[in-house]
Amino acid sequence: MKEKSAICFIEKNYMTVAQYEALQKETGINNFKSVERAIIDMRLRKSTIEIEKVKKAISITENALDEIIPFIKIGMTENEIKTKLETTLQDLGAEKVAFDTMVLTGENSGLPHGEPGDRQIQYGDFLLFDFGVFVDHYCSDITRTFAIGKISDEQRQIYDAVLKANEKAIEAVRLGDPIKNIDHAARTVIEDASYGAYFTHRTGHGLGLEVHEAPSIHGENKEKILGGLLFTIEPGIYKEGVGGVRIEDDVYVHPNGEVEVLTSFPKQLTIIDAK
Ligand code: GLY
Ligand code: MN
Ligand code: MN
C-alpha cells in the first residue's frame with residue numbers, strides 16, 4: 001500500500017540497509033526519520049524493575065569475583081584466570097558476558113583497553129578485572145584492581161589516588177547538578193596527585209540494556225543529574241611499565257535524589273597472596 005505522506009520512524013543505528021529497503025518496498029514510504037533520540041530519552045531513567053535486574057547482574061558478577069580470588073596462583077596466565085572467571089559466571093546464572101572480560105596483569109594493567117593473553121601473574125603485579133554480565137536483558141559493569149604480594153610505593157600512590165577519585169566522584173553525584181561535576185571531581189583528585197596525564201578516558205557512562213548508553217560522564221556534559229539515571233564511575237591511572245588501576249562502580253540516582261552505589265565489592269586495596 002502506497003502511503004505518500006506517511007513518515008516511518010526507524011532506529012537508523014540498528015536497521016540494516018536490507019531491512020530498510022524491504023520496509024520501503026513493502027510500505028511505499030519514502031520519508032524515514034530517526035527515532036533514536038526518543039528511545040535514548042525513554043531508556044535514560046531506569047525504573048525500579050530495571051534496577052532489580054541490574055542488581056541481579058551485579059550480584060552474580062561480585063559473587064564470581066569472590067569465588068575466584070582463592071584460585072589465583074603465581075604463574076597462572078591472564079587467559080586461564082579469565083576462563084575460570086567466565087565459567088564461574090555461567091555457573092552462577094549469567095546469561096552471557098556484557099563485553100569482553102578483561103583480566104590484565106602487571107604492565108598489561110596499564111592498558112585501558114588491553115586484552116587478556118599469555119602473560120603469567122607475578123609478585124608485585126597489579127591484577128585488574130573489568131567485566132560484567134547480562135541477566136534478563138540488563139547488564140552489570142565492574143572493575144576492581146588487586147595487588148599480588150607486595151607492591152611498590154608508587155603503585156600504592158596510584159591505587160590510593162584512584163580510590164579517592166572514585167569516592168570523590170560518587171560524592172559529587174547530586175540531583176540537579178551538571179554531570180560534568182562528577183568527572184571534574186574525579187579528575188581533580190588525580191591531577192592533584194600528579195597523575196592527570198595518565199587518566200586518559202571519561203569518568204563513566206550509562207548502562208542498562210547496553211553496557212554503554214546515555215548519559216556520558218565527561219567533563220563537557222552540562223546535562224543535569226536526573227532521578228533515575230544509572231551510570232558507572234570508573235576513574236583510572238595507566239602508567240606504562242608500572243601498570244594501571246581502575247576502580248569502577250555502578251551508581252543509581254533514585255527519583256528522590258538518593259544516591260545508591262549498587263556495586264558493593266570492597267574497594268580498599270586487597271593483597272592476594274597467590275601462593
Ligand atoms: N570495559 C567496559 C567499560 O568499563 O566501560
Ligand atoms: Mn567496566
Ligand atoms: Mn564501564
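Whatever order the structure lists ligands and atoms in, that order sets their numbers, starting from 1. Side-chain atoms are counted along with the backbone in the values below, which use heavy atoms only and exclude waters and symmetry mates.
- Each of the atoms 1 (N), 2 (C) of ligand 1 lies under 4.0 Å from some heavy atom of F99.
- Those atoms of ligand 1 with a heavy atom of D130 less than 4.0 angstrom away are 1 (N), 2 (C), 3 (C), 4 (O).
- When only non-hydrogen protein atoms are considered, atom 5 (O) of ligand 1 lies nearest to H212 NE2, 2.7 Å.
- Interatomic distance, CG of L207 versus CZ of F99, reported as 9.5 Å (0.5 Å rounding).
- Residue contact check: E234 has heavy atoms under 4.0 Å from atoms 3 (C), 4 (O), 5 (O) of ligand 1.
- Not a single heavy atom of H113 sits closer than 4.0 Å to an atom of ligand 1.
- Under 4.0 angstrom from ligand 1, the non-hydrogen atoms of D141 all belong to its side chain.
- For F146 and F126, the gap between ring centers reaches or exceeds 6.0 Å.
- The atoms of ligand 1 that sit less than 4.0 Å from any heavy atom of E248 are 4 (O).
- Once rounded to the nearest 0.5 Å, the distance linking CZ of F231 with CG of L44 reads 10.5 Å.
- Taking the charged nitrogens against the carboxylate oxygens, K164 and E171 have no contact shorter than 4.0 Å, which rules out a salt bridge.
- The residues D130 and R246 are annotated as salt-bridged, a charged nitrogen and a carboxylate oxygen being separated by less than 4.0 angstrom.
- Between E154 and K239 there is a salt bridge, since at least one side-chain N of the basic residue sits less than 4.0 Å from a carboxylate O of the acidic one.
- In summary, R43 and E210 engage in a salt bridge, as defined by a charged side-chain N under 4.0 Å from a carboxylate O.
- For H205, the heavy-atom gap to ligand 1 drops under 4.0 angstrom.
- With a cut-off of 2.8 Å, the protein N/O/S atoms near the Mn ion (ligand 3) add up to 4.
- Side-chain atoms of E52 do not come within 3.5 Å of backbone N or O of I49 as any donor-acceptor pair.
- A donor-acceptor pair is defined here as one N or O able to donate and one able to accept, closer than 3.5 Å; no such pair exists between the side chain of E260 and the backbone of Y252.
- In summary, E223 and K180 do not engage in a salt bridge, as defined by a charged side-chain N under 4.0 Å from a carboxylate O.
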